[in-house]
Amino acid sequence: MTTEPTTDANEMAPAEGIEMSTAYHPRSVEQRVYAGWEQSGAFRPSRPGATPFTIIQPPPNLTGELHVGHALTTAVEDALVRWHRMKGDDTLWLPGVDHAAIAVNAIIERQLREQGISRHDIGREEFLKRVWEFVNTSRSRIAEQHRRLGASADWEREAFTMDEARERAVRLTFKKLYDDGLIYRAERLINWDPVSQTAVSDIEVEYEDVESAFWHVRYPIADDEGNPTDRYVVIATTRPETIPADTAVAVNPEDDRFRDLVGRKVIVPMTGRAVTVIADEAVDIEGGSGALKVTPGHDPVDFEIGERHGLEIINILNLDGTLNENAGQYAGLDRDEGRRRIVADIESAGLLEKTEPYTHAVGHSERSGAIIEPLVSLQWWVKIQPLADPAIEAVKDGRIKFVPERFERTYLHWMENIRDWCISRQIWWGHRIPVWYCEDCEALTVGITDPTFCESCEGSNITQDEDTLDTWFSSGLWPHSTLGWPDEDAEDLKRFYPTQVMETGYDIIFFWVARMIMLSLYNMDGVVPFEHVYLHGLVRAADGSKMSKSKGTAVDPLGAVDQYGSDALRFALLSGTSPGNDQRLSDERLEAGRNFANKLWNASRFALGMVEEGDDLSLPDPATMPVEDRWVLSRLNQVNQNVERLTGRFELAEALRQTRDFFWDEFADWYIEVAKVRVRADDRTPLPVLVHVVDRTLRMLHPFMPFVTEEIWQRLAAIAPDPDGAEALIVARYPEANTALIDEAAEASFEAVQEFVRAIRNIRAEKRVDAGRWIEAYVVGGDAVESATALSDAIEQLARVRPLHVVATTAEAPSEGVVTSVLAVGQVALPMAGLFDPAVERERIGKQIAEAEREVGGIEGKLGNEQFTARAPADVAQRERDRLETAQSRLAGLRQSLTELG
RNA sequence: GGGCGGUUAGCUCAGUUGGCUAGAGCGCAGCGUUGACAUCGCUGAGGUCACUGGUUCGAGUCCAGUACCGCCCACCA
């Protein structure tokens with residue numbers, strides 16, 4: 001796809017001109033706006049010479065159902081991408097689809113089972129055909145789902161781990177590792193998933209507590225001829241079905257109880273086999289009965305003991321989890337049934353000492369949920385230590401930074417204890433292992449392209465390994481393989497590698513992040529795949545539990561989009577996300593997002609709607625502006641500055657919160673209200689400020705809420721064209737804070753006016769003055785008298801007071817029959833003949849005096865402390881002195897009011 | 001067994017170099033105007049920041065310990 005730096009104005013322009021409907025309808029806006037973005041090629045404006053910003057999209061769920069966690073990932077990444085794009089960086093966001101081998105295989109196999117057939121009935125080719133059908137459908141669904149979320153990813157460039165380019169990258173990596181001696185084939189104990197019928201790696205095994213039993217079984221001690229005696233050793237086991245696979249009994253060498261037994265033989269119950277008692281330090285003296293049955297074929301610890309002592313390995317399991325002929329009379333039984341039968345037999349043979357209830361952790365397959373059976377099998381492995389060492393170094397020396405930092409420890413701990421990685425899977429969908437076996441000479445050939453003859457004997461009688469590679473082997477190549485590796489001249493690779501940000505959930509550090517770091521360093525000559533790993537938390541149900549479809553606590557992201565709008569969903573997800581911390585998603589949160597989108601719509605509509613033909617919308621010299629204009633511009637720029645800083649530190653929720661609060665609580669609730677009064681009095685000067693603030697806020701919010709901001713902004717641009725000529729907000733420039741407009745004096749003045757208004761409203765509410773009634777009021781302005789005078793019309797409207805007298809000192813305000821409120825910045829006084837009760841007033845003021853006295857006392861105590869004045873920084877001490885002064889004058893004012901009450 | 005996180009208003013959570021008179025949203029109570037918005041406005045109530053001790057002029061924030069909740073890792077048969 002070719003991308004143009006500019007956009008087509010016709011495609012982007014809103015259909016209805018600048019008229020905005022009274023109600024905000026997210027759905028129609030979303031569809032139209034997204035289509036505009038897509039057609040215009042705005043998703044990847046090429047900006048030669050700009051700083052590259054690259055972000056990698058983690059794989060969505062290929063089952064085709066959008067999980068809310070992925071919606072969060074998309075929202076966060078899209079926010080970062082849009083932000084960088086607006087700042088002029090050259091962004092590349094590679095949306096990716098992983099081939100999710102085990103999950104997809106399981107789905108197709110289930111479909112087949114429902115038809116009563118297995119994959120072997122239809123053969124590999126037909127099986128893969130069905131997989132592709134399913135995967136292609138899923139991929140287009142995924143793209144569609146991202147559109148609905150507003151993701152600005154360029155789906156034409158989607159990276160898919162199963163395409164041809166990736167196959168080449170995978171094979172090359174495999175061969176390189178093999179040639180370097182880092183890939184080997186070995187018979188070892190692996191985690192077998194009897195349902196999916198494949199090996200899985202250590203991290204794909206999830207341990208869950210299962211209530212089971214501890215069977216204490218008597219192993220008779222044999223005499224010299226190998227016949228059982230009356231003596232026996234008691235051995236506790238949780239897996240009696242593996243007894244037929246026992247090839248030794250082990251005790252700790254330091255254990256005095258069994259010292260005399262070492263070297264003697266015991267009889268394995270129900271088999272009659274005699275095995276030797278060995279001493280090994282792996283045996284815990286405290287554990288079980290102190291003696292351990294050694295089953296090298298079906299237990300990792302035992303496997304290691306077996307290796308140390310050269311023990312025989314017996315495999316008693318078929319690949320479907322049933323017992324095989326090595327289990328003797330139990331052959332053919334399912335493992336559970338085998339367990340029951342063997343326990344019953346042991347008991348009737350009088351060899352069961354006791355049974356205790358016991359809860360222990362049992363490994364389950366992450367994908368199929370089946371209980372994992374350790375068994376010995378021939379598999380391909382990656383020798384991991386040589387890959388792990390540089391990956392540890394890259395994090396330790398800061399070339400890769402985790403956000404939040406604490407996950408570096410998690411990562412390092414795992415990496416430092418890593419074990420070899422079993423990469424072969426006995427499934428069909430996936431990258432097939434690029435190894436061909438020669439049937440003539442037994443040599444093997446590793447091929448980047450399919451070999452036609454054996455490398456060793458040159459015979460043509462070769463067949464490819466039936467197995468496929470672990471999904472994460474190819475996913476681990478993502479950061480470079482999706483950019484064009486192994487073609488080292490690929491434009492994207494040169495320009496965008498290393499990437500800047502890897503953003504994902506912390507649950508995927510080991511699976512994916514660690515593998516990407518290891519394999520990328522290996523393939524890319526030690527250059528890190530990304531500079532930051534930003535880890536968001538998990539999204540939980542409203543009650544804090546893991547979302548569960550069966551419990552009905554799962555939030556369906558697309559359902560939420562339908563109900564509340566895409567911007568609302570993104571607001572809810574982004575406002576709750578802080579690095580590494582889980583969040584809860586509830587209807588209330590979604591409503592808050594919807595409400596804010598509505599507020600944006602209405603406040604903007606109103607502000608823009610006041611603009612008339614011929615209005616001058618350029619901002620005048622700040623010095624000539626009234627205080628409220630200077631105040632709102634000052635606040636705008638402060639927030640702009642904060643948002644800039646926060647977003648750069650991945651603190652998106654705080655950035656969003658500050659922008660929201662500014663727009664709603666300050667701009668909409670105060671500035672617009674004040675501006676209204678001026679405009680009604682035919683003063684057009686607030687219009688440039690209104691338009692300017694709306695414009696800037698929309699730009700700041702666009703990364704978070706792209707649809708509603710784009711829609712409003714295009715109406716805005718129709719009356720106030722973008723200075724850079726941008727035709728859409730998505731390609732408009734991100735605002736830079738203008739610190740020259742930060743005006744603390746204006747802020748203080750306007751805040752004083754806010755205080756006056758609030759004080760009057762407060763008294764009105766307290767005295768139950770009818771909301772619609774106009775009453776007389778005095779504002780004693782003090783230092784803020786100037787701005788209060790300038791804003792007297794606004795104060796009248798906002799507090800519904802008329803006539804309003806703004807005076808400088810209390811002496812100019814009446815003191816008889818008035819309800820007063822003494823503030824830090826001045827006073828207000830409302831004459832209330834009918835409602836006035838001196839006794840009530842005395843009590844009210846008395847309370848305030850007590851409070852003010854407490855405050856004054858507190859500050860005085862602090863300032864009287866020599867340690868404080870000597871050690872606290874000057875600005876802190878000065879602030880305390882200022883506070884004391886205002887508190888004292890307020891206290892004086894209150895006391896005076898009380899005196900006047902008599 | 002090891003490690004990590006959490007404990008702040010009725011609920012969900014902010015509070016990132018210690019200076020706080022501790023904030024927000026929702027909920028609650030009261031009142032509803034002025035043609036942007038009832039998906040709204042105004043006003044208000046509500047917190048000994050889990051507990052104990054320490055460092056400091058000063059601790060929600062730093063340190064040590066305790067309790068409870070959650071998560072991750074680990075070959076206790």
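This one's a predicted model, so the numbers in the text were calculated from it and none came from an experiment.
- Regarding contacts with the backbone of C75(B), a side-chain N or O of Arg419(A) is found under 4.0 angstrom from either OP1 or OP2.
- Of the C1' atoms belonging to U48(B) and G60(B), the separation is 12 Å, rounded to the nearest Å.
- Comparing Thr886(A) and Asn602(A) against RNA chain B, the residue whose closest nucleotide sits nearer the 5' end is Thr886(A).
- Between A22(B) and A9(B), the distance separating the two C1' atoms is 11 Å to the nearest Å.
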Val689(A) vs Val693(A), test: side chain to side chain contact (heavy atoms under 4.5 Å, CB included). Steps then yes/no. CA-CA 6 Å; Val689(A) 179; Val693(A) 175; 4.1 Å; yes

Begin from the C-alpha positions of Arg854(A) and Glu851(A) and carry the test salt bridge (Lys or Arg N to Asp or Glu O under 4.0 Å) through to its verdict. CA-CA 5 Å; Arg854(A) 255 201 314 280; Glu851(A) 191 195 298; 5.3 Å; no

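- The two atoms that bring Phe511(A) and Glu366(A) nearest to each other are CZ-OE2, 3.7 Å, heavy atoms only.
- Heavy-atom distances to RNA chain B give each of Asp770(A) and Phe510(A) a nearest nucleotide, and the one nearer the 5′ end belongs to Asp770(A).
- With respect to Arg881(A) and Glu885(A), no salt bridge is recorded, no charged nitrogen being found less than 4.0 Å from a carboxylate O.
- Phosphate proximity of C4(B) to Arg409(A): present, with a side-chain N or O under 4.0 Å from OP1 or OP2.
- With hydrogens and angles ignored, no donor-acceptor pair closer than 3.5 Å exists between the side chain of Glu654(A) and the base of U16(B).
- Atom name P, nucleotides C62(B) and G25(B): the rounded distance is 26 Å, in whole Å.
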